[in-house]
Structures are given as structure tokens and as C-alpha cells.
Number of protein chains: 2
Amino acid sequence: MEAHPKEVTMKSIKRETMSKQVVDQIIELLTSRQLNPGDKLPTEAELTDMLFVSRPVLREALSSLETMGMIQRKTREGTFFSYRIGSKPFSIMLALSAGDIPAVMEARMALELGLVTMAAEKITDQQLEQLAELMHAMSLNTAGYEQIDKNFHRMIAYSANNPILEGSIDALLNMFDKTTNQIAQIDRDHLVTMQQHQAIFDALSKRDPLAAHSSMYIHLSQVRAKLVKPKLR
Amino acid sequence: MEAHPKEVTMKSIKRETMSKQVVDQIIELLTSRQLNPGDKLPTEAELTDMLFVSRPVLREALSSLETMGMIQRKTREGTFFSYRIGSKPFSIMLALSAGDIPAVMEARMALELGLVTMAAEKITDQQLEQLAELMHAMSLNTAGYEQIDKNFHRMIAYSANNPILEGSIDALLNMFDKTTNQIAQIDRDHLVTMQQHQAIFDALSKRDPLAAHSSMYIHLSQVRAKLVKPKLR
DNA sequence: TTAGTTCATTTGTCTTACAATATGATTTAT
DNA sequence: ATAAATCATATTGTAAGACAAATGAACTAA
């Protein structure tokens, strides 16, 4: 008989709520390719029968999925999987970082650096023209300067043509708007900004991913430095 | 009296559901800084009184926020804002792209290229050591090669130290696992992979963001080429 | 003082009922 | 025959009430 019993490590058992289990089962319809984006889901009545849960529990799950942009529910028509997620869900999630400006800035920076690299591979002539127009509008120093600047960045991000990251970048750019509006006007040197934009544009025109990245890195590093200087190691 | 009335453009009016309005009001607590991550929200009973909605509507909103990782609800304790969002919500959202392997690959690529750039600015000596250990483990060609490869990438992404993007990258790496497991074994040339990892590691050691980016770009371009070659412009 | 039991608090689930919305079908008026 | 109005229907949206489950606090007994 041992004086001390063997030490035993046991994992705690956590049962997920019914609502979360319903979410998982509906998502499984997508991952298993039983249903695809755009497809109609069974009605609420059918789903409660199929899944053996009450309607409020099912509605909690469906509301979750709708808030996350995964589905759209229409009275009398039914419930459909979305084609893509917009920016709203990411805006909601970004609210958790509302007090952390450096993190928001660096998240935006990381995302834009990656997207500009991909954009250099696949930007179209039409998109290049649109960028040129935006740059021209900025050179006129019109009233909507900040908005045009934002659209310049947004245009590049969209040129990467990645549906998965579009919602994120939109939410980050929008949040950046709100954040910088609360701080003193940052970009006072339009000339430098436009020169940096030009360098980015030139690299994109050459379809050079590395040059595009380094031009954007220089530009966003300057934006960051004026906004906030994170503590480097 | 004009023969043709003036053309009038009017926007359609859409009233949001009560549940979504509740979500927005709770989020506003964060963006207005009335509450912060970790803080306790009022109880369900209090919220129904404050917001003049029924409990099921409130629960739909709270379920949404919990599935999105924004809050955590505990029986008897109450409801708290999270400190950060894990990978689960992003895994759910990624299910919409389950059929689009190129998009998943390029989303991962864009995210990793941005994060490795930031990581070069701020990686710690300890993190570098951990990377070295992972590389050593990979050189032994052990049974968990793929998992170690994944952890190498994950370690770099974490080194960027950005709470906002951590959940995304985790979900993408995990999804990448699942996707590639369904395809023939891709990485047959461990030697090349390890050399590319070494180049990335060297650039990170020098804390050179541009070199880190270009090394990672070369590496991930190869991974992508073996997985799928997206149609370039 | 400690261990076991009971109670209270808050979230979790269900049933029932009615409301609201949007669309197609039917009826009525021209 | 056609257009407009009305009605019916399908599905989602909201609410009230009741009970269950989980867990920490308070109380009681040893």
C-alpha cells in the first residue's frame, strides 16, 4: 500500500452549450461540402426537428452565424449561406482593441504589407488606372484628402483579390479613420505622402512584389511613427 | 406641368432586428470606453430591463457576441468581456472558403508576409531560440515533421506580438493543415524547405524586415506553387 | 475547525403564443 | 385583358412563463 497515491492528471470536461453545438453542425454542412455559399438552409422548423433542439436555442445559433456574416435570414424566404463576409463582423471584433491604438496600427500595417505584396502579382491595368486617378485627386489637395488617401490604400488591398481578407482590411481602415480623428491631425506633409504613394504605384506598375512591399513598409512606418511609436525590444 | 417627373433616388430603409441593435449597444460600451476587456457586463435580467427587450432577444445578441469570442458567459458568475479573441471564430468564418483553396493559401501568405515583417522588428532572443529548436527538430526528420513546420510558422507569427491578428493566423494555419491533408503529400523536399527556413531565421536574427519578408516570400511562393498555381493576371 | 448540506444567483433550455414581414395567389375594377 | 387591391401563406421575429443546470456562498453538524 503506497503512502502517496500516484499523481493523476485529468482533464476537465466541458460540455458545450446546445447553441454552440448547433453552430458547429451548421458549419459542418459547409466544410463537408454538403452545402455551399449561396445555398439555402433548411427552415427553422425543419432544423429544430432535425437537431432535436428548441427553437430559441436554434435561433441563438442562427443569430450568431448571421452576426458573423455567415448567413442571411429573410422572412418568408428562408436562410442562406453568404457568399462572403463583409466588414461588419470584423468591426465588432475590433472593438475589443478599441483602447490599443498601437495594436490596431500594426495589425493594419501587417495586413497591408502582405496584401500589397500579393497585389503586385495580380493588379489589373484598370486598377492601376484607378490608383492613378486617386493619386491625381490627392495632388489637388481637395477637401476629401483623407478619404481619398484611405481609398488609395483600400484599392491596393482589393487588388490582391482575396475575399477572405477583404472584410478585415475594410474594418481596420475604417477603425483607423475613427482612431485618428480623435487625435491631432497627423499627416501634415502631403508632399512626402504623395511621393511615397508614387513609389508604391511605380512598384505595382512594374509588378514587383518585393519593391511594392518595401515602398509600403517605408510609407506605413512613417504613418506609424507619427501616430505612435511602439516599444521596440 | 412636366411630361416626365424629376427622377428621384431614394434609399431603401432597413430596420435592423432587435437582436442586432442589442449587439451594437453592447459593443458601444467598449468603443466608448465605458467598459474594457475583462470587465463584467450587467446580468441578463438587468440588461433586459435597461434595453427594454425580451430575454430571448437579449440571449440571441449575447450568444452572437460569445460565438465571436467577444464575451464569456459563466453560470452564476455573469458575463465578461474577453481579453482577446481566439482562433475559433475565425475558423468558423473560414468555413465559407472551404471550397476555395487558392484563396485560403493566399490569405495565409499575405498574413504571414506581413507578420514576418513585423516580427523582424520585435522578435525576442527567446523566440529566436525556440525557432532554432524547431528547426533542429525538423532536421531530425521526425514523425511530427508537418506539425513542427506548422509550429515554426506559428512561432514567427506570434513574434509579431499582435493580439488582433493572432486568432486569424491560427485559424488559417489550422485550416491549411486540414486542406493539405486531403491532398497528396506536398512537401517532399525537406532539404529545400529547411534551407528556406534557415534563410528566414537568419533574416529574423539580423532583425531585417525586408530580408525576412523576401525570404518568406520565396518560401511561401514555393509552397503555393506546389499546392496550386493561381491564375495570374 | 472542517466537511457536508442547503440555498441563492445567474446562465441554459424549453414550451407556447402571437407579431411582423415579404411574397405569391386570388379577386376586383377598369 | 390588364392593372390594382386584397387576401393567404411561409418564414422569420419577439415575448412570456416555467423549469433545469452550474456553482459559489451560507449554514449546520460533527
Side-chain angles (χ1 to χ4, degrees), chain A residues 5 10-27 29 35 38-82 88-89 92, chain B residues 5 10-27 29 35 37-83 88-89 92:
Chain A
M10 299 194 71
K11 267 196 176 176
S12 64
I13 296 179
K14 176 152 188 187
R15 194 207 71 166
E16 285 285 33
T17 61
M18 303 297 285
S19 157
K20 282 185 189 152
Q21 291 178 52
V22 171
V23 166
D24 290 341
Q25 293 219 35
I26 293 175
I27 290 301
L29 294 177
L35 291 179
D39 286 352
K40 183 177 185 305
L41 272 74
T43 64
E44 289 183 5
E46 288 164 344
L47 284 168
T48 54
D49 285 346
M50 290 159 64
L51 299 175
F52 297 100
V53 293
S54 67
R55 191 166 164 233
V57 163
L58 178 79
R59 287 190 60 79
E60 285 185 23
L62 291 178
S63 286
S64 295
L65 290 170
E66 189 169 23
T67 307
M68 292 172 89
M70 297 295 295
I71 63 173
Q72 285 169 298
R73 294 187 283 180
K74 296 184 184 180
T75 305
R76 204 179 184 281
E77 287 192 58
T79 302
F80 302 82
F81 277 120
S82 307
K88 179 70 189 288
I92 290 172
Chain B
M10 299 195 69
K11 265 196 176 177
S12 64
I13 297 180
K14 176 153 189 190
R15 194 208 70 165
E16 285 284 34
T17 61
M18 302 297 286
S19 157
K20 280 185 190 155
Q21 290 179 49
V22 171
V23 166
D24 290 342
Q25 293 219 35
I26 293 175
I27 289 301
L29 294 177
L35 292 179
D39 286 352
K40 184 178 185 299
L41 272 74
T43 64
E44 289 183 5
E46 289 164 343
L47 284 168
T48 54
D49 286 346
M50 290 159 65
L51 300 175
F52 297 102
V53 293
S54 70
R55 191 164 165 236
V57 165
L58 178 78
R59 288 191 57 80
E60 285 184 25
L62 292 178
S63 285
S64 294
L65 290 170
E66 187 166 26
T67 306
M68 291 171 87
M70 297 295 296
I71 64 173
Q72 284 166 297
R73 296 187 281 179
K74 295 183 185 179
T75 304
R76 204 181 182 280
E77 288 190 54
T79 302
F80 301 80
F81 277 120
S82 306
Y83 283 102
K88 179 71 188 287
I92 291 173

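Below, chain A is the first sequence line, B the second, and so on; all start at residue 1.
Whole-Å rounding puts the B:M18 CE to D:dA16 P distance at 11 Å. Atom CD of B:E66 is separated from atom C1' of C:dG12 by 11 Å (rounded to the nearest Å). Going from atom NZ of B:K74 over to atom C1' of C:dT9 covers 16 Å, rounded to whole Å. Rounded to an integer number of Å, the gap from A:I71 CD1 to D:dT12 C1' is 11 Å. Atom P of nucleotide D:dA20 and atom CD of B:E44 are separated by 18 Å, given to the nearest angstrom. Atom P of nucleotide C:dT13 and atom CG of A:L58 are separated by 12 Å, given to the nearest angstrom.
For C:dT11, one of the phosphate oxygens OP1 or OP2 lies less than 4.0 angstrom from a side-chain nitrogen or oxygen of B:T79. Residue B:S54 has a polar side-chain atom (N or O) positioned under 4.0 Å from OP1 or OP2 of D:dA15.
A:T48 places no side-chain N or O within donor-acceptor distance of the main-chain N or O of A:R55, the cut-off being under 3.5 Å. Listed for the B:S63 side chain is no donor-acceptor partner under 3.5 Å among the backbone atoms of A:S64.
In the interface, the side chain of A:R76 is paired with the base of C:dT23 through a donor and an acceptor atom under 3.5 Å apart. Looking at A:R55, its side chain comes within 3.5 Å of the base of D:dG13 through a donor and an acceptor atom.
Nearest-nucleotide positions on DNA chain C place A:V57 closer to the 5' end than the other of A:V57 and A:T75. Comparing B:F52 and A:L62, the nucleotide of DNA chain D nearest to each residue sits closer to the 5' end for A:L62. Heavy-atom distances to DNA chain D give each of A:G78 and A:P56 a nearest nucleotide, and the one nearer the 5′ end belongs to A:G78.
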Report task. Go through the steps to decide whether B:M70 and B:I27 satisfy the test side-chain contact (heavy atoms from CB on, under 4.5 Å), and finish with yes or no. Result -> CA-CA 9 Å; B:M70 297 295 296; B:I27 289 301; 3.7 Å; yes

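Electrostatic pairing of B:E66 and A:K20 counts as a salt bridge here, judged by a charged N lying under 4.0 Å from a carboxylate O.
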